[in-house]
Amino acid sequence: MGSTVREALQYQGRLLATEILAEETLSLLQETGLDYGALVQIAQDGEGRIISVETNAGELGRLKSRLEQNIAQALEEQRRHSYSLPLGTLLGSEWLAGRGPDIPFRLVPVGSLSTTVESRFHSAGINQTSHQIVLGLTLELSAMVPLRREPVTVHTDFVAAETIIVGEIPQYYTNITVPQGELAGTLREQGMDPWDLS
């Protein structure tokens with residue numbers, strides 16, 4: 001019964017904690033109306049070419065601070081609520097799953113919420129780059145039933161803003177398809193020096 005209770009509590013705890021994180025994050029992003037332009041500044045040269053991408057540290061700091069406050073408040077409200085799991089589910093029996101008297105359990109924050117902000121760049125095609133501002137949230141809780149407490153750690157990422165950055169179209173594009181490790185030999189057969197691709 002011990003490992004089954006642990007798994008059931010951890011699963012329900014992660015489910016509820018992830019739901020809280022998602023609701024509070026999405027709610028705040030909608031409330032503030034922050035978009036990519038408010039969080040990131042793109043600098044261009046005289047010909048319109050992108051020369052730098054800078055995040056707005058002040059705006060991201062305010063977003064992070066408000067998010068942490070909102071989630072802390074939501075968790076404090078959740079502390080007053082009691083959830084329940086059927087005894088059959090806690091026992092891990094296939095026959096009794098979802099049956100039996102409800103056993104109350106609570107979620108209690110045991111550590112502070114950790115929030116990180118990260119810039120991620122991904123290739124999105126020829127001369128196209130996807131830039132994302134990602135909020136990483138890590139939360140430590142305890143899921144408790146009478147006489148039992150289980151630690152629960154939840155980590156989730158949310159994309160706060162995203163855009164596609166388009167650069168110049170290259171004059172040449174080469175797609176060489178040869179088996180791995182045979183590129184140098186293929187270039188030599190074509191009369192090319194594999195170390196001089198200028």
Side-chain angles (χ1 to χ4, degrees), residues 6-83 105-144 149-170:
R6 180 175 65 249
E7 291 168 5
L9 284 175
Q10 289 179 344
Y11 173 76
Q12 290 297 326
R14 281 193 297 270
L15 202 63
L16 289 167
T18 301
E19 184 179 328
I20 292 168
L21 293 176
E23 284 181 358
E24 293 303 320
T25 303
L26 294 174
S27 174
L28 181 60
L29 290 174
Q30 289 176 352
E31 178 188 328
T32 58
L34 291 174
D35 60 5
Y36 186 85
L39 298 175
V40 179
Q41 291 180 335
I42 297 178
Q44 297 176 319
D45 63 13
E47 297 178 8
R49 291 177 297 207
I50 295 172
I51 57 174
S52 71
V53 177
E54 297 179 7
T55 56
N56 185 334
E59 202 65 64
L60 284 171
R62 283 188 287 275
L63 176 65
K64 179 180 170 183
S65 177
R66 283 193 60 186
L67 182 58
E68 290 173 353
Q69 290 175 0
N70 288 7
I71 291 175
Q73 184 177 349
L75 288 171
E76 190 57 38
E77 292 172 4
Q78 292 298 322
R79 183 194 283 261
R80 303 188 193 106
H81 294 289
S82 180
Y83 303 95
F105 79 94
R106 293 187 303 131
L107 283 181
V108 178
V110 294
S112 60
L113 171 70
S114 170
T115 310
T116 60
V117 179
E118 181 183 356
S119 275
R120 293 182 184 172
F121 293 89
H122 304 283
S123 175
I126 299 175
N127 267 3
Q128 294 184 353
T129 302
S130 167
H131 179 216
Q132 298 176 330
I133 300 296
V134 180
L135 298 172
L137 307 175
T138 303
L139 181 61
E140 294 181 359
L141 301 164
S142 277
M144 300 190 307
R149 174 192 294 255
E150 287 299 331
V152 178
T153 300
V154 177
H155 177 83
T156 188
D157 290 336
F158 290 94
V159 177
E162 180 178 20
T163 194
I164 299 294
I165 300 171
V166 180
E168 290 184 351
I169 297 173

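In this text the structure is predicted, and so the values were computed from the model without any measurement. Because only heavy atoms are used, hydrogens play no part in the values below, and waters and symmetry mates are left out as well, while side chains stay in.
Remark: Glu76 engages Arg79, Arg80 in a side-chain contact (heavy atoms from CB on, under 4.5 Å) (not counting sequence neighbours). By the side chain to side chain donor-acceptor pair (under 3.5 Å) test, Ser130 is found to be paired with Glu162, residues two or more places apart in sequence or in another chain being considered. Taking the side chain to side chain donor-acceptor pair (under 3.5 Å) definition, one finds that Ser114 meets it with nothing, sequence neighbours left out.
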Per-pair distances, 0.1 Å, donor-acceptor, side chain in residues 117-124, under 3.5 Å, sequence neighbours excluded:
{"unit_1": "Glu118", "atom_1": "OE1", "unit_2": "Arg120", "atom_2": "NE", "d": "3.4"}
{"unit_1": "Glu118", "atom_1": "OE1", "unit_2": "Arg120", "atom_2": "NH2", "d": "3.4"}
{"unit_1": "Glu118", "atom_1": "OE2", "unit_2": "Arg120", "atom_2": "NE", "d": "3.4"}
{"unit_1": "Ser119", "atom_1": "OG", "unit_2": "His131", "atom_2": "NE2", "d": "3.2"}
{"unit_1": "Arg120", "atom_1": "NH2", "unit_2": "Asp157", "atom_2": "OD2", "d": "3.0"}

Solution key, residues 14-27 side-chain donor-acceptor pairs under 3.5 Å, sequence neighbours excluded:
{"unit_1": "Thr18", "atom_1": "OG1", "unit_2": "Arg14", "atom_2": "O", "d": "2.7"}
{"unit_1": "Thr25", "atom_1": "OG1", "unit_2": "Leu21", "atom_2": "O", "d": "2.7"}

Side chains of residues 60-68: which donor-acceptor pairs under 3.5 Å do they make with residues two or more places apart or in other chains?
{"unit_1": "Arg62", "atom_1": "NH2", "unit_2": "Glu59", "atom_2": "OE1", "d": "3.4"}
{"unit_1": "Lys64", "atom_1": "NZ", "unit_2": "Thr115", "atom_2": "O", "d": "3.0"}
{"unit_1": "Arg66", "atom_1": "NH2", "unit_2": "Glu31", "atom_2": "OE2", "d": "2.5"}
{"unit_1": "Glu68", "atom_1": "OE2", "unit_2": "Thr115", "atom_2": "OG1", "d": "3.1"}

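Applying the ring-ring contact (aromatic ring centres under 6.0 Å, His included) test to residues at least two apart or on different chains, none of the pairs has a partner in residues 7-35. For residues 130-139, no pair satisfies salt bridge (Lys or Arg N to Asp or Glu O under 4.0 Å), with sequence neighbours left out.
In terms of heavy atoms, Ala160 sits closest to Leu39 at CB-CD1, 4.4 Å.
Residues Ile133 and Thr55 form a side-chain contact, since some pair of their non-hydrogen atoms from C-beta on lies under 4.5 Å apart. In this structure the side chain of Ile71 reaches within 4.5 angstrom of the side chain of Leu137, judged on heavy atoms.
Taking CG of Leu75 as the reference point, atom CG of Leu139 lies at 5.5 Å (rounded to 0.5 Å). Going from atom CD of Gln69 over to atom CG of Leu113 covers 11.5 Å, rounded to the nearest 0.5 Å.
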